[in-house]
Amino acid sequence: MGLREALFGRRTAPAPSPAPPAAPSPAGGPPAEPAGPGETHFFICSPNESLIAAHDEVLKAGLPAYGGTAERYSCCGSDLEEREHQAKAADMPFSGVSRMGSSEKSPGKMADVLSSIRVGSIGDTHVEHVKVKDSGAPWVRTVYETLLKEGMSQGILPYYMHETKDDGEARYLLDSLRRVM
């Protein structure tokens, strides 16, 4: 119950954040991509199905406040291998960021994102896809960080969360996965 309060208690704080979309983006920011205005896609990936189910439960409960959706997916490493080779051959970019625990990086290439999804999984990898308005993006990151810390305290290894504002990149990743539920 403390976890739910910690996560859901933050949903009222982001209300004043619609102002940033009206401000011009900094010159050093990523180039504008053909994405829905003010929306971010998140892909939370783990071989631990119950961990992704926990993300799904918490996110679905809080997303209506942020105009978001959440769906579960899965994939087998061998399924992603072909998609990874295609992305590598096409030199497909990835404009988003990848997080594993407290580290954050810009992979730059779709093949690297697909590789990270399938690495470390002997069987299936389970994926939570979250699409949320930008005002809810900090809350999704907080859910990830909180559940990551909780999982690590129980012996679960760190796991990836990939984030992009580009609908085409998100569609490529979704087309690489099987929808669950």
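In this chain, residues are counted from 1 in sequence order.
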Test item: [X] side-chain N/O and [Y] main-chain N/O as donor-acceptor pair under 3.5 Å:
X: Tyr159; Y: Ile52; answer: no
X: Glu169; Y: Ser95; answer: yes
X: Ser115; Y: Ala111; answer: no
X: Ser116; Y: Val113; answer: yes
X: Tyr73; Y: Ser176; answer: no

Measuring only between side-chain heavy atoms, which start at C-beta, is [X] closer than 4.5 Å to [Y]?
X: Lys109; Y: Lys88; result: no
X: Thr164; Y: Phe94; result: yes
X: Thr69; Y: Leu63; result: no
X: Ser46; Y: Thr125; result: no
X: Val58; Y: Thr146; result: no

When you group the ILVMFWY residues by side-chain heavy-atom contacts below 4.5 Å and let the links chain together, are [Y] and [X] in the same group?
X: Leu148; Y: Ile156; value: yes
X: Met100; Y: Leu51; value: no
X: Leu173; Y: Val97; value: no
X: Tyr160; Y: Leu114; value: no

State plainly whether the residues [X] and [Y] are in salt-bridge range, i.e. N to O under 4.0 Å.
X: Glu163; Y: Arg141; value: yes
X: Asp175; Y: Arg171; value: yes
X: Glu57; Y: Arg72; value: no
X: Glu39; Y: Lys133; value: no

Look up atom [atom1] in [X] and atom [atom2] in [Y], then write down how far apart they are to the nearest 0.5 Å.
X: Asp124; Y: Asn48; atom1: CG; atom2: CG; result: 12.5 Å
X: Gln86; Y: Met92; atom1: CD; atom2: CE; result: 9.0 Å
X: Asp112; Y: Ser106; atom1: CG; atom2: OG; result: 11.5 Å
X: Leu147; Y: Ile44; atom1: CG; atom2: CD1; result: 8.0 Å

Option from His55, His162, His129 for which ring pair (Phe, Tyr, Trp, His ring centres under 6.0 Å) with Phe43 holds: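 Of His55, His162, His129, ring pair (Phe, Tyr, Trp, His ring centres under 6.0 Å) with Phe43 is met by His129 alone.
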In this structure, which one of Tyr66, Tyr144, Phe42 forms a ring pair (Phe, Tyr, Trp, His ring centres under 6.0 Å) with Trp139?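 With Trp139 as partner, Tyr66, Tyr144, Phe42 yield a single ring pair (Phe, Tyr, Trp, His ring centres under 6.0 Å), made by Tyr66.
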So which of His126, Arg179, Arg178 actually passes side chain to side chain donor-acceptor pair (under 3.5 Å) with Ser74? Arg178
May I ask you to check whether Asp166 and His41 show a side-chain donor-acceptor distance below 3.5 Å? no
Which atom pair, heavy atoms only, marks the closest approach of [X] to [Y]?
X: Ser135; Y: Pro138; result: O-CD, 3.7 Å
X: Ala70; Y: Glu128; result: CB-OE2, 3.1 Å
X: Thr40; Y: Ala137; result: OG1-CB, 4.3 Å
X: Pro107; Y: Ser98; result: CG-OG, 3.4 Å

Hey, mind stepping through Ile117 and Glu84 against side chain to side chain contact (heavy atoms under 4.5 Å, CB included) and telling me if it holds? CA-CA 10 Å; Ile117 292 172; Glu84 181 184 338; over 6 Å; no
